[in-house]
Amino acid sequence: VPIETRNAERLLNWCHAENIQFLYSKIALQKGPNSIRTNDAFKASMAELIKSGWAKKNEGGMSIDGAHRKNVWRIRSSQ
């Protein structure tokens, strides 16, 4: 299994465990799984999640945690 796929799965599992419906890059890079805490690994993981239908980019960003976040993705629920 390619590393991008394994990292995407780790990121998705983390989002589901943390009940994250809207993921923004800063929180993923700071608190997400260690394997995705570089910009390149995070971008590759998100590309995999988007391609497989588990994530969708929220164009224009949104306000989360008291600030406007430019890069936000909606994470599909596991249910």
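Predicted model, so just to flag it, every value in this text is computed and none were measured. Numbers here simply count residues along the sequence, with the first being 1.
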Q: Given Tyr24 and Leu29, is the side chain to side chain contact (heavy atoms under 4.5 Å, CB included) satisfied, shown in steps?
A: CA-CA 9 Å; Tyr24 57 97; Leu29 291 168; over 6 Å; no
Q: Once side-chain hydrogen bond (donor to acceptor under 3.5 Å, both in side chains) is applied, do any residues pair with Arg10, and if so which ones, sequence neighbours excluded?
A: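 side-chain hydrogen bond (donor to acceptor under 3.5 Å, both in side chains) check on Arg10 returns Asn7.
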Q: Please, which pairs that meet salt bridge (charged side-chain N to carboxylate O under 4.0 Å, His left out) have at least one residue in residues 39-67, sequence neighbours excluded?
A: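 Sorted result for residues 39-67: Glu48-Lys51.
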Q: Please report the interatomic distance NE2(His16) to CD(Gln21), rounded to the nearest 0.5 Å.
A: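 Answer rounded to 0.5 Å: 9.5 Å.
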Q: Hey, does the side chain of Arg76 reach the backbone of Gly53 with a donor-acceptor pair shorter than 3.5 angstrom?
A: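 Confirmed, Arg76 side chain pairs with Gly53 backbone.
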Q: Run the side chain to side chain contact (heavy atoms under 4.5 Å, CB included) check on Lys26 and Asn71 step by step: do they pass?
A: CA-CA 9 Å; Lys26 184 176 180 179; Asn71 295 307; over 6 Å; no
Q: What's the spacing between Ser45 OG and Leu12 CG if we round to 0.5 Å?
A: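 These two atoms lie 10.5 Å from each other.
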Q: Between Val72 and Leu23, is a side chain to side chain contact (heavy atoms under 4.5 Å, CB included) present by the stated rule, with each step listed?
A: CA-CA 6 Å; Val72 178; Leu23 178 67; over 6 Å; no
Q: Please give me the minimum heavy-atom distance between Ala44 and Glu4, naming the atom from each residue.
A: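 Answer, listing the atom of Ala44 first, then Glu4: CB-CG, 3.7 Å.
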Q: Would Met62 end up clustered with Ile27 when hydrophobic side chains under 4.5 Å apart are linked, directly or stepwise?
A: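 Met62 clusters together with Ile27.
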Q: Applying a strict under-4.5 Å side-chain criterion to I, L, V, M, F, W and Y, I'd like to know whether Phe42 and Ile50 cluster together.
A: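 In one cluster: yes.
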Q: Check the pair Arg6, Val1 against side chain to side chain contact (heavy atoms under 4.5 Å, CB included), reporting the backbone distance first and the verdict last.
A: CA-CA 7 Å; Arg6 286 183 288 175; Val1 177; 3.7 Å; yes
Q: About how many Å separate CG of Asn58 and CH2 of Trp73, when rounded to the nearest 0.5 Å?
A: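 Between Trp73 CH2 and Asn58 CG, I get 10.5 Å after rounding to 0.5 Å.
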Q: Which value, rounded to the nearest 0.5 Å, describes the distance between Trp54 atom CH2 and Ser78 atom OG?
A: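 Output value for this atom pair is 6.5 Å.
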Q: Which residues pass the ring-ring contact (aromatic ring centres under 6.0 Å, His included) test with Trp14, sequence neighbours left out?
A: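 Here no residue qualifies.
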Q: Could you give the distance from OG (Ser35) to CD (Glu9), rounded to the nearest 0.5 Å?
A: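 Nearest 0.5 Å value for the OG-CD distance: 10.5 Å.
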Q: May I ask you to decide if Gly32's main-chain N or O and Arg37's side chain share a donor-acceptor pair within less than 3.5 Å?
A: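 Yes, because the side chain of Arg37 sits within donor-acceptor range (under 3.5 Å) of the backbone of Gly32.
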Q: Report the distance from atom NZ of Lys31 to atom CD1 of Ile20, rounding to the nearest 0.5 Å.
A: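 So the gap between those two atoms works out to 9.0 Å.
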